[in-house]
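What follows is one structure encoded as structure tokens, with my remarks underneath.
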There are 2 protein chains.
Amino acid sequence: MSRVEPDLSALAFSRHDHDRCTATALHQAEAQAARDGLRLTPVRRRALEILLEAHRAMGAYEVLDRLAAEGFGRQPPVAYRALDFLVSHGLAHRIQRLNAYVACLHPAEPHAPVFLICRACEAVAEAPGARVRAALEAGAAAVGFTVERASVEAVGLCPTCSAAG
Amino acid sequence: MSRVEPDLSALAFSRHDHDRCTATALHQAEAQAARDGLRLTPVRRRALEILLEAHRAMGAYEVLDRLAAEGFGRQPPVAYRALDFLVSHGLAHRIQRLNAYVACLHPAEPHAPVFLICRACEAVAEAPGARVRAALEAGAAAVGFTVERASVEAVGLCPTCSAAG
DNA sequence: GCTTGACTGTTACGATATAACACATGATAT
DNA sequence: ATATCATGTGTTATATCGTAACAGTCAAGC
């Protein structure tokens with residue numbers, strides 16, 4: 001059994017080299033684009049960078065403001081299209097609960113995202129979801145339902161905020 | 001170990017006596033209201049009935065239209081407040097993915113809802129979620145995260161639509 | 001009867017998202 | 001080389017979803 005789902009789960013909750021994880025994710029995105037013939041155009045790339053730098057979930061309009069400030073279009077579709085592109089290619093994820101988007105920190109790995117959302121500091125971490133998925137699919141299969149996509153989102157307290165009281 | 005989570009999961013996907021399951025759920029809601037001192041007022045009760053009769057996820061504005069047609073207020077807060085009441089007391093659930101609400105068919109049972117959403121017929125079923133929750137909490141605990149609330153929503157094909165091709 | 005608190009209704013607005021169309025650009029076919 | 005086409009970017013306009021703030025109602029308890 002290969003290590004398909006490395007434990008990067010606590011990343012958003014722990015101290016780490018921000019610039020480095022951003023650079024790595026961007027590098028992986030570029031590699032994937034080159035490999036799959038995706039067009040990581042300026043807006044799309046910049047949108048991904050914005051999400052990576054923020055390192056948290058951002059609303060579409062928030063991303064749009066940043067893009068507009070840098071000379072890109074200032075109308076909603078500009079942001080929504082870039083974000084949709086990123087999401088549809090696994091470079092970012094949509095957090096349903098927050099109507100927001102987060103960059104994926106390990107797009108190269110196949111993974112079934114499970115999100116842990118801290119209600120205090122708003123950090124969003126991606127936890128290993130293989131087991132949750134397995135349980136979900138088993139339950140669905142039992143009633144004849146075929147799962148195509150799933151979103152698993154938990155709201156609670158991250159270690160830091162939990163310790164802070 | 002008592003049977004805390006009976007298999008009502010396939011209910012929305014299978015033929016059954018609609019009127020009867022609606023009446024049962026409504027009866028349970030009333031019992032709960034009486035027991036806990038909740039005020040199941042006319043708007044709230046009617047909103048619940050509307051969701052029960054529809055037996056699918058409905059948007060707040062859709063519920064509002066029905067309420068307004070029956071003489072209740074026609075402004076958004078009317079529907080949102082009734083729905084918030086139902087959700088906060090476990091009589092209905094919010095489906096994040098659809099920005100919509102479904103009546104809970106077994107409010108009396110303690111349960112951790114897992115939703116199966118058919119992309120073809122839009123039916124929404126509540127599946128047993130105990131195992132999924134256990135896996136989710138275990139994964140979260142491993143990184144020091146405390147889960148308070150979670151939403152698990154799967155999009156796919158229900159048995160009927162799956163069979164239909 | 002008066003106060004109080006919960007509920008319902010309103011107006012007004014904010015936040016999120018998409019449809020539809022114009023234009024640019026680069027690849028492909030002629 | 002140029003016509004065609006697909007893809008992407010930008011726009012305007014509008015749809016959809018959700019909430020803040022305040023006025024009126026009404027029943028419970030003093």
Side-chain angles (χ1 to χ4, degrees), chain A residues 29 33-34 36-51 56-89 91-102 117 122 151 153, chain B residues 29 33-34 36-51 54 56-89 91-102 117 122 151 153 155:
Chain A
D36 303 348
L38 306 181
R39 293 179 55 188
L40 194 58
T41 62
V43 223
R44 292 171 177 174
R45 188 193 155 104
R46 195 62 197 115
L48 177 56
E49 287 173 3
I50 287 168
L51 289 181
R56 63 184 172 85
M58 292 180 80
Y61 279 72
E62 203 179 346
V63 173
L64 177 59
D65 284 347
R66 305 273 252 100
L67 290 173
E70 298 175 18
F72 294 101
R74 47 184 59 260
Q75 304 307 321
V78 169
Y80 282 103
R81 286 194 290 231
L83 292 168
D84 286 349
F85 171 87
L86 297 175
V87 169
S88 68
H89 293 96
L91 301 175
H93 299 292
R94 179 181 166 81
I95 309 296
Q96 310 283 346
R97 193 138 200 146
L98 304 177
N99 290 336
Y101 302 81
V102 269
I117 307 164
E122 301 194 321
S151 49
E153 302 175 0
Chain B
D36 302 350
L38 307 181
R39 294 179 55 186
L40 194 57
T41 61
V43 225
R44 292 171 176 174
R45 191 194 153 102
R46 194 63 197 115
L48 178 56
E49 287 173 4
I50 287 168
L51 289 181
R56 63 183 172 83
M58 293 180 80
Y61 278 73
E62 203 179 344
V63 173
L64 177 59
D65 285 346
R66 306 275 252 98
L67 290 173
E70 297 175 21
F72 294 101
R74 47 185 61 261
Q75 304 306 323
V78 170
Y80 282 103
R81 285 194 290 229
L83 292 168
D84 286 350
F85 171 87
L86 296 176
V87 169
S88 68
H89 293 97
L91 301 176
H93 298 293
R94 179 181 167 83
I95 309 295
Q96 309 283 346
R97 192 140 199 145
L98 304 176
N99 289 338
Y101 301 81
V102 270
I117 307 164
E122 300 194 322
S151 50
E153 302 175 357
V155 175

Given atom CZ of B:Arg74 and atom C1' of C:dG9, what is their separation to the nearest angstrom? 12 Å

Summarise protein proximity over nucleotides 23-30 of chain D in one line of letters, 5' to 3': B for base, S for sugar-phosphate only, - for none, counting protein heavy atoms closer than 4.0 Å. --------

Take the protein atom CG of A:Leu83 and the nucleotide atom P of D:dT9, then report the distance between them rounded to whole Å. 12 Å

In whole Å, I'd like the distance from the CE atom of B:Met58 to the P atom of D:dC17. 12 Å

Just verifying a value: how many Å separate A:Ile50 CD1 and A:Glu70 CD, rounded to the nearest 0.5 Å? 5.0 Å

Send over the distance from A:Leu64 CG to D:dT11 P, rounded to a whole Å. 9 Å

B:Arg81 has an atom CZ; how far is it from atom P of C:dG9, in whole Å? 8 Å

Considering residues at least two apart in sequence or located in another chain, which fulfil the side chain to side chain donor-acceptor pair (under 3.5 Å) criterion with A:Glu49? A:Arg45, A:Arg46

I want to confirm an ordering. Mapping A:Phe85 and A:Gly73 to their closest nucleotides on DNA chain D, which one lands closer to the 5' end? A:Phe85

Side chain to side chain donor-acceptor pair (under 3.5 Å) partners of B:Arg94, counting only residues at least two apart: B:Asn99, B:Tyr101

Does A:Arg44 place a side-chain N or O at less than 4.0 Å from the phosphate oxygens OP1/OP2 of D:dG8? yes

Kindly compute the distance separating CG (B:Leu64) from CE (B:Met58), expressed to the nearest 0.5 Å. 10.5 Å

With B:Arg97 via side chain to side chain donor-acceptor pair (under 3.5 Å) - residues at least two apart: A:Ser151

Does atom CD (A:Glu122) have a neighbourhood of more than 12 heavy atoms from anything else shown, all under 6.0 Å? no

Only counting residues at least two apart or in another chain, list the ones meeting ring pair (Phe, Tyr, Trp, His ring centres under 6.0 Å) with A:Phe72. none

Pairing residues for B:Glu62 by the side chain to side chain donor-acceptor pair (under 3.5 Å) criterion, not counting sequence neighbours: B:Arg56

Between N or O atoms, less than 3.5 Å apart, protein on one side and nucleotides 15-19 of chain C on the other: list the pairs.
| from | atom 1 | to | atom 2 | distance (Å) |
| --- | --- | --- | --- | --- |
| C:dA17 | OP1 | A:Arg94 | NH1 | 3.3 |
| C:dA17 | OP1 | A:Arg94 | NH2 | 2.4 |
| C:dA17 | OP2 | A:Tyr80 | OH | 3.0 |
| C:dA17 | O5' | A:Tyr80 | OH | 3.4 |
| C:dA17 | N7 | A:Tyr61 | OH | 2.6 |
| C:dA17 | N6 | A:Tyr61 | OH | 3.4 |

